[in-house]
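Notes follow once the structure below has been shown.
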Number of protein chains: 2
Amino acid sequence: MKNSSRYTVAIHVLTLLAYCGSEPVTSEFIAGSVNTNPVVIRRLLANLRAAKLVSSQGGPGGGWQLLKAAKQITLREVLAAVDGGSIFPMHSSDPNPRCPVGRAIQVVLEGHFKSAQLALEKDLQRTTIAALVESVKSTS
Amino acid sequence: MKNSSRYTVAIHVLTLLAYCGSEPVTSEFIAGSVNTNPVVIRRLLANLRAAKLVSSQGGPGGGWQLLKAAKQITLREVLAAVDGGSIFPMHSSDPNPRCPVGRAIQVVLEGHFKSAQLALEKDLQRTTIAALVESVKSTS
DNA sequence: CCTATGCGTAACAACATTAGTTACAGAAAA
DNA sequence: TTTTCTGTAACTAATGTTGTTACGCATAGG
C-alpha cells in the first residue's frame, strides 16, 4: 500500500465510528484512538467522504459519522477510497523502446497485475466494517 | 508495492535474462533495457540471487544468468524475493491501547490482510517468466 | 448577536524511502 | 598483466509520508 499506513488507519477510523454508534465523533477523539494528529485524521476522512462513506458536521456537537451501514462497507471500497490506483507501480522512467523486452513488458504485465489486484480485492470484499466491530468486541 | 518499481523491474530483468537464453548478460546491458544505472540493477539482482533465482559471474564474458528454468519461476516467488514482508503496513505509531478499538484493531486486521495477500499471491503464482517471454515475443 | 466548538485547508518541518551516481576494491578470463 | 566484470560503500537529489501550527469559516446554543 504505497508504503503508507493510510489504509490501515482508514479501516481503524471507520471501525471506531461504527463502534461508537450514531453519535458524531470529533477528529480530536479519533486522533486519540489512532494516536496521531487531528489534522491527519481530517485529511484522511476527507477522502472517505469523497467516497460517500462518511459525513462531517461542523460546530459544537459536530464530528464524523458513517454515511452507510457498517454492514454495507467492505474493505474493498475502503481501499479504493484511500488508494485509488494500481497496487503495482511501473518503471519510474520508461524502459528502452529499442529493446524487445523493454518495449513490451509494461503492456504484458498490466494484465497480470490487474488480475492479481482483482483477486486481492475480491478477498477484501468479504470483510465488512461491521464484522470488524464484532471481532473487536470479542477481543476483550 | 511499497510505492517502488523494484518488483516491476525485477520481472523485467528476469524476462530479459530468459529472453537472452543461456548467455550471461551484464548489468550494463540490462540497465540499457530498463533505462537506469547498472548499480541499481546489480543491487536488485543481489536480492534475486539471495532467492536462488539468478547467479552472477565476474570478469570478461561474465554477467547474470537464470539459475532456474524460466518455466519454474512464478511472479509469486519474484515478489517474495524483492519485497519480503506484508503488502499492508500497520500504523506508523501504535494506536492507543486504552481505546477498545485501538487495542484490538491490529490483531483483528492481521488475519484479513494475510488472507488478502494470499489471494494476491495465488493469482501471481499462475504466471511464469516463461509465459511472459512468450507474450513479449508475440507482442511484435 | 456572541461565543465556543469543530471542520477545511494551507504551509511548513522532519523523516524515510527511492533512485541515481561516482568511486573503488576484487575476482576472473584471456 | 590487462581488461572486463561484479560487489558495495558513500553520497546526492527527488519524492512521499507524517506531524504540526495557524487561521478562516460554519454552526449550535445561549
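Throughout, a chain's letter reflects where its sequence line sits, starting with A, and its residues are numbered from 1.
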Fill in: Contact list for residues 32-41 of chain B, test side chain to side chain donor-acceptor pair (under 3.5 Å), sequence neighbours left out
B:H12-B:S33

Discussion item. What does the B/S/- profile of nucleotides 24-30 of chain C look like, 5' to 3', with a 4.0 Å heavy-atom cutoff to protein?
Written reply: ----BB-

Worksheet entry | Close residues, residues 21-32 of chain A, relative to DNA chain C [heavy-atom separation under 4.0 Å] | A:T26, A:S27

Worksheet item: Considering all heavy atoms of both residues, which atom of A:S86 and which atom of A:Q117 are nearest to each other, and what is their separation?
Response: CA-OE1, 3.5 Å

Worksheet entry | Counterpart residues, side chain to side chain contact (heavy atoms under 4.5 Å, CB included), relative to B:K68 (two or more places apart) | B:L53, B:Q72, B:I73, B:E77

Practice prompt. Provide the closest heavy-atom pair for B:P89 versus A:S4 in the form atom of the first, atom of the second, distance.
Written response: CG-O, 3.5 Å

Item to complete: Just grab all the salt bridge (Lys or Arg N to Asp or Glu O under 4.0 Å) pairs involving residues 94-118 of chain B, residues at least two apart or on different chains.
Response: B:E110-B:K114

Response to the item:
Quick note, salt bridge (Lys or Arg N to Asp or Glu O under 4.0 Å) partners involving residues 4-29 of chain B, not counting sequence neighbours, are none

Worksheet item: With sequence neighbours left out, which residue pairs that include part of residues 45-60 of chain B fulfil the side chain to side chain donor-acceptor pair (under 3.5 Å) condition?
Response: B:R49-B:S56

Discussion item. I need the minimum non-hydrogen distance between A:L48 and A:A81, along with the two atoms involved.
Written reply: CD2-CB, 3.9 Å

Worksheet item: Is the backbone N or O of A:G102 less than 3.5 Å from a side-chain atom of A:N96, with the two atoms forming a donor-acceptor pair by type?
Response: no

Which donor-acceptor pairs under 3.5 Å do side chains of residues 126-136 of chain A form with protein atoms, sequence neighbours excluded?
{"from": "A:R126", "atom 1": "NH1", "to": "A:D123", "atom 2": "OD2", "distance (Å)": "2.9"}
{"from": "A:T127", "atom 1": "OG1", "to": "B:H112", "atom 2": "ND1", "distance (Å)": "2.9"}
{"from": "A:T128", "atom 1": "OG1", "to": "A:A130", "atom 2": "N", "distance (Å)": "3.4"}
{"from": "A:T128", "atom 1": "OG1", "to": "A:A131", "atom 2": "N", "distance (Å)": "3.1"}
{"from": "A:S135", "atom 1": "OG", "to": "A:A131", "atom 2": "O", "distance (Å)": "3.2"}

Worksheet, complete the sentence: Each nucleotide of nucleotides 10-19 of chain C classed B (base within 4.0 Å of a protein heavy atom), S (only sugar-phosphate) or -, in 5' to 3' order, makes BB-----SSS

Item to complete: For A:L44 and C:dC7, give me the distance from atom CG to atom C1', rounded to whole Å.
Response: 15 Å

Discussion item. With a 4.0 Å cutoff (strictly under), does any side-chain N or O of A:S56 reach OP1 or OP2 of C:dG6?
Written reply: no

Practice prompt. Take atom CD1 of A:I41 and atom C1' of C:dG6, then tell me their distance rounded to the nearest Å.
Written response: 15 Å

Worksheet item: If you look only at pairs with a residue in residues 79-92 of chain B, which of them pass as a salt bridge (Lys or Arg N to Asp or Glu O under 4.0 Å), with sequence neighbours excluded?
Response: B:K2-B:D83

Item to complete: Using the heavy-atom set of chain B and a strict 4.0 Å cut-off, write down the first and last nucleotide of DNA chain D that makes it in, 5' to 3'.
Response: D:dT3 to D:dG19

Worksheet entry | side chain to side chain contact (heavy atoms under 4.5 Å, CB included) against B:T8, all qualifying residues, sequence neighbours excluded | A:M90, A:H91, A:L109, A:F113

Worksheet item: Any idea which heavy atoms bring A:L17 and A:W64 closest together, and the distance?
Response: CD2-O, 3.6 Å

